[in-house]
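For reference, the structure discussed in these notes is given below.
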Amino acid sequence: DEVEARFQGKSKWYKGTIRRVNSDGTFDIEYADGDREKRVKSRYVRSTRTTDRRSNDRKKKLHKGSLVQAQYGGKQKWYPGTIESVHSDGTFDILYDDGDQEKRVASDKVRPAAPKSDDDTTDGAQTDTRRDIKRDDKVEARYPGSGKWSRGKVTKVRSDDTFDIKFDD
């Protein structure tokens, strides 16, 4: 994608091309003058085409663990799921809520999940509280590989918004 970026975070914008979208939301940029820069933070990158801005914003927001809707098999219907992996080519591995998995789903087939209302939970608790989760908190999470929700306890909070969980069963 053609972009403008602030080389080394300085104030001037330079034309360049995104060579890689990294899983942490940063970009590897090749500038028009031949300079290259790795892991440029998204706040220092902007699209040169207004039609790309929405998709760039969406890519910046989506990361491992993001709740999303995706078009399974490229079909038209949107299904809820979670991003399991973000690839450097901008595709995603998705674990769908029903347990199905899909690899390397194109970014135009993935969108952030619509925020859930309080009515979507059984106890009325807010649903997007991942930032408030701490070590030793009791949680419900999807058991790896099964897609089913199970109770457990957080044993580690990682910097990438993921958690280690000791499941009860």
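Quantities reported herein were computed from a predicted structural model and do not represent experimental measurements.
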Exercise. Rounded to the nearest 0.5 Å, what's the gap from OH on Tyr72 to NZ on Lys77? Could you check?
Key: 13.5 Å
Quiz prompt | Any residue meeting side-chain contact (heavy atoms from CB on, under 4.5 Å) with Ala106, in chain and number order, not counting sequence neighbours | solution = Asp108, Lys109
Exercise. Would you please name every residue forming a salt bridge (Lys or Arg N to Asp or Glu O under 4.0 Å) with Asp89, sequence neighbours left out?
Key: Arg104
Quiz item: Can you check whether Gln8's main-chain N or O pairs, donor with acceptor, with Glu37's side chain at less than 3.5 Å?
Solution: yes
Practice problem: State, with a plain yes or no, whether a side-chain heavy atom of Ser42 is found less than 4.5 Å away from one of Phe27. | Solution: yes
Quiz prompt | Minimum side-chain heavy-atom gap His87-Phe92 below 4.5 Å | solution = no
Quiz item: Going from OG on Ser23 to NE2 on His63, what distance comes out if it is rounded to the nearest 0.5 angstrom?
Solution: 11.0 Å
Quiz item: Between atom CG of Asn22 and atom NZ of Lys38, what is the distance when rounded to the nearest 0.5 Å?
Solution: 8.5 Å
Quiz item: Which heavy atom of Val86 sits nearest a heavy atom of Ile83, and at what distance?
Solution: CG2-CG2, 3.8 Å
Quiz item: With side chains defined as the heavy atoms from C-beta onward, is the minimum distance between Leu67 and Pro80 less than 4.5 Å?
Solution: no
Practice problem: Find out whether Ile18 and Asp28 are in side-chain contact, i.e. whether some heavy atom of one side chain is under 4.5 Å from a heavy atom of the other. | Solution: no
Quiz item: CD1 of Ile165 to NZ of Lys138: how many Å apart, nearest 0.5 Å?
Solution: 14.0 Å
Exercise. Indicate whether the side chain of Tyr79 and that of Gln69 have a donor and an acceptor atom separated by less than 3.5 Å.
Key: no
Practice problem: Given side chain to side chain donor-acceptor pair (under 3.5 Å), test Tyr96 with Gln101 step by step and report yes or no. | Solution: CA-CA 6 Å; Tyr96 291 94; Gln101 292 181 318; over 6 Å; no
Practice problem: Might you point out which heavy atoms bring Gly90 and Ser107 nearest each other, and give the distance in Å? | Solution: O-CB, 3.6 Å
Quiz item: Of all residues at least two apart in sequence or in a different chain, which pass the side chain to side chain donor-acceptor pair (under 3.5 Å) check with Gln71?
Solution: none
Quiz item: Residues two or more places apart in sequence or in another chain: which of them pass side chain to side chain donor-acceptor pair (under 3.5 Å) with Asp24?
Solution: Thr26, Arg39
Practice problem: With sequence neighbours excluded, tell me which residues meet side-chain contact (heavy atoms from CB on, under 4.5 Å) with Gln76. | Solution: none
Quiz item: Taking side chain as C-beta onward, heavy atoms only, is Lys15 less than 4.5 Å from Tyr31?
Solution: no
Exercise. Decide whether Val45 and Phe7 are clustered together by the hydrophobic rule: side chain heavy atoms of Ile, Leu, Val, Met, Phe, Trp, Tyr closer than 4.5 Å, transitively.
Key: yes
Quiz item: Which residues pass the salt bridge (Lys or Arg N to Asp or Glu O under 4.0 Å) test with Arg135, sequence neighbours left out?
Solution: none
Practice problem: Compare every heavy atom of Val3 with every heavy atom of Thr17, then report the nearest pair and how far apart it is. | Solution: N-CG2, 4.4 Å
Quiz item: Who are the side-chain contact (heavy atoms from CB on, under 4.5 Å) partners of Ser88, not counting sequence neighbours?
Solution: Arg20
Quiz item: Looking at residues at least two apart in the chain, or sitting in another chain, which of them share a salt bridge (Lys or Arg N to Asp or Glu O under 4.0 Å) with Glu84?
Solution: none
Practice problem: Tell me, please, which residues at least two apart from Tyr44 pass ring-ring contact (aromatic ring centres under 6.0 Å, His included). | Solution: none
Quiz item: For Tyr14, what residues pass the ring-ring contact (aromatic ring centres under 6.0 Å, His included) criterion, not counting sequence neighbours?
Solution: none
Quiz item: Considering residues at least two apart in sequence or located in another chain, which fulfil the salt bridge (Lys or Arg N to Asp or Glu O under 4.0 Å) criterion with Arg151?
Solution: Glu140
Quiz prompt | Evaluation steps, side chain to side chain contact (heavy atoms under 4.5 Å, CB included), between Leu62 and Val110 | solution = CA-CA 9 Å; Leu62 298 180; Val110 179; 3.8 Å; yes
Quiz item: Can you check whether Asp136 reaches Lys153 side chain to side chain, under 4.5 Å on heavy atoms?
Solution: yes
Practice problem: Using side-chain contact (heavy atoms from CB on, under 4.5 Å) as the criterion, list what pairs up with Thr155, not counting sequence neighbours. | Solution: Asp164, Lys166
Quiz item: Any side-chain heavy atom of Ile94 within less than 4.5 Å of one from Val68?
Solution: yes
